[in-house]
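First up is the structure itself, then whatever we jot down about it.
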Amino acid sequence: MSVPTIHRGSPVRHLGALLGTGCLLLAVSGCGGVKRGEDANPIAGKQEFVAKCGACHTLARASTKGTVGPNLDEAFRASLAEGLQRSAVRTVVEGQVENPNRFGAMPSGLAGGAKLASIAAYVAEAVDRPGKDSGLLASAVQAPGAGKPVVEKGGRLEIAADPTGQLSYITKQASATAGAVVVSMPNMSGVSHNIAIQSGTSGPILGASSFTTKGTVSVTVKLKPGAYTFFCQAPGHRAAGMEGTLTVKP
Ligand code: HEC
């Protein structure tokens with residue numbers, strides 16, 4: 001009988017695989033920036049996730065529909081089915097945010113400390129779970145586009161982008177009287193958006209503002225009575241629901 005060999009390095013390698021290779025490197029410079037598990041507040045985590053991550057990632061429970069990065073429900077589905085613990089998902093999420101691929105599209109420094117711990121705690125509980133969030137989590141983030149319809153006044157129409165970072169304007173309904181209208185879009189979200197006005201739902205685009213991540217942009221359009229669509233031209237945003245109807249009366 002052979003004596004089992006103890007691979008002294010293996011638990012570390014195992015942990016390293018869990019944390020993502022970047023984190024192993026950072027162990028030297030202090031990868032423990034996040035208080036793992038402590039101070040985690042899933043409600044704040046959901047709000048932060050929607051604000052900082054949802055524009056790029058789909059996560060069904062958070063109602064986010066970003067398509068720049070992987071769909072997070074799908075990303076963890078196979079591993080969860082194979083028995084990956086949700087606590088390990090949390091560690092992977094923290095590792096990814098601390099050390100995104102340097103050559104990838106995910107920015108670094110999106111969150112740290114208690115905020116990141118909260119985001120990771122929420123994501124770990126939410127990924128690949130059917131149904132909807134309940135209790136306080138359900139009301140943590142306002143439903144996208146649920147605001148009151150907006151009305152043009154004196155040739156000006158303001159349609160704000162969702163300030164929480166959801167791929168939506170605050171409302172899905174706007175109305176105006178015919179003539180020249182300055183459509184302005186305040187955007188406090190930090191996510192890049194613009195606003196374009198289209199005839200009908202698939203007709204010609206009458207005008208489009210420039211893009212902004214924070215600030216207000218506007219476009220002037222001449223409108224005849226009829227139905228128009230306002231929407232965001234950032235890739236994937238309209239498909240995610242960032243559009244609404246503009247009704248123009250004589
Ligand atoms: C600007 C777009 C963008 C933002 C914002 C963003 N990500 Fe990502 N994310 C990506 C891309 C692209 C990838 C694919 C891998 C890479 O490039 O590093 C990724 C990968 C990931 C992965 C790994 C998924 C897998 O398949 O292994 C996780 C987890 C993740 N992101 C979580 C987050 C969290 C949490 C936030 C918010 C704090 C966030 N991301 C914000 C674009 C983004």
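As the structure is a computational prediction, the values presented were derived from the model and not from experiment. For ligands, and for the atoms within them, numbers begin at 1 and follow the listed sequence.
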- Should we count CE of Met188 as having more than 12 external heavy atoms under 6.0 Å?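 For Met188, atom CE is not crowded (no more than 12 foreign heavy atoms under 6.0 Å).
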- Query: Is the CZ atom of Arg129 crowded by more than 12 outside heavy atoms at less than 6.0 Å?
  - Reply: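 Correct, the count exceeds 12.
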- Have Thr164 and Gln47 got a donor and an acceptor in their side chains that come within less than 3.5 Å?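 No pair is found: no donor N or O on one side chain lies under 3.5 Å from an acceptor on the other.
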Tell me: protein heavy atom nearest [atom], and distance?
atom	result
atom 5 (C) of ligand 1	Lys52 O, 3.3 Å
atom 27 (O) of ligand 1	Ala75 CB, 4.8 Å
atom 17 (O) of ligand 1	Gly104 CA, 3.4 Å
atom 41 (C) of ligand 1	Leu110 CD1, 3.3 Å
atom 16 (C) of ligand 1	Asn101 CB, 3.8 Å

Does only the side chain of [X] get under 4.0 Å from ligand 1, or the backbone, or both, or neither? Count heavy atoms.
X	result
Pro107	side chain
Ala111	neither
Val92	neither

Under a 4.0 angstrom heavy-atom cut-off, which atoms of ligand 1 come close to [X]?
X	answer
Val93	35 (C)
Ile119	35 (C)
Ala105	1 (C), 2 (C), 12 (C), 17 (O)

- Item | Connected via hydrophobic side-chain network under 4.5 Å: Ile170 and Val183 |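 In one cluster: no.
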- Query: Could any protein non-hydrogen atom be found less than 4.0 Å from atom 9 (N) of ligand 1?
  - Reply: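 So atom 9 (N) of ligand 1 has protein heavy-atom neighbours under 4.0 Å.
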- Message: Strictly under 2.8 Å, how many protein N, O or S atoms lie near atom 8 (Fe) of ligand 1? Waters don't count.
- Response: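 N, O or S atoms of the protein closer than 2.8 Å: 2.
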Say you draw a straight line from [atom1] of [X] to [atom2] of [Y]; how long is it, rounded to the nearest 0.5 Å?
X	Y	atom1	atom2	answer
Lys46	Arg61	NZ	CZ	8.5 Å
Leu80	Gln85	CG	CD	9.5 Å
Tyr122	Asn41	OH	CG	12.5 Å
Leu223	Thr247	CG	OG1	11.0 Å
Lys115	Leu110	NZ	CG	11.5 Å

- Heavy-atom distance under 4.5 Å between the side chains of His237 and Val191, does that happen here?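 They are in contact (side-chain heavy atoms under 4.5 Å apart), so the answer is yes.
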- Message: Is any side-chain heavy atom of Glu243 closer than 4.5 Å to one of Cys232?
- Response: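 No. Closest side-chain heavy atoms not under 4.5 Å.
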- List the steps, then state whether side-chain contact (heavy atoms from CB on, under 4.5 Å) holds for Phe231 with Ile205. CA-CA 10 Å; Phe231 70 98; Ile205 290 169; 3.8 Å; yes
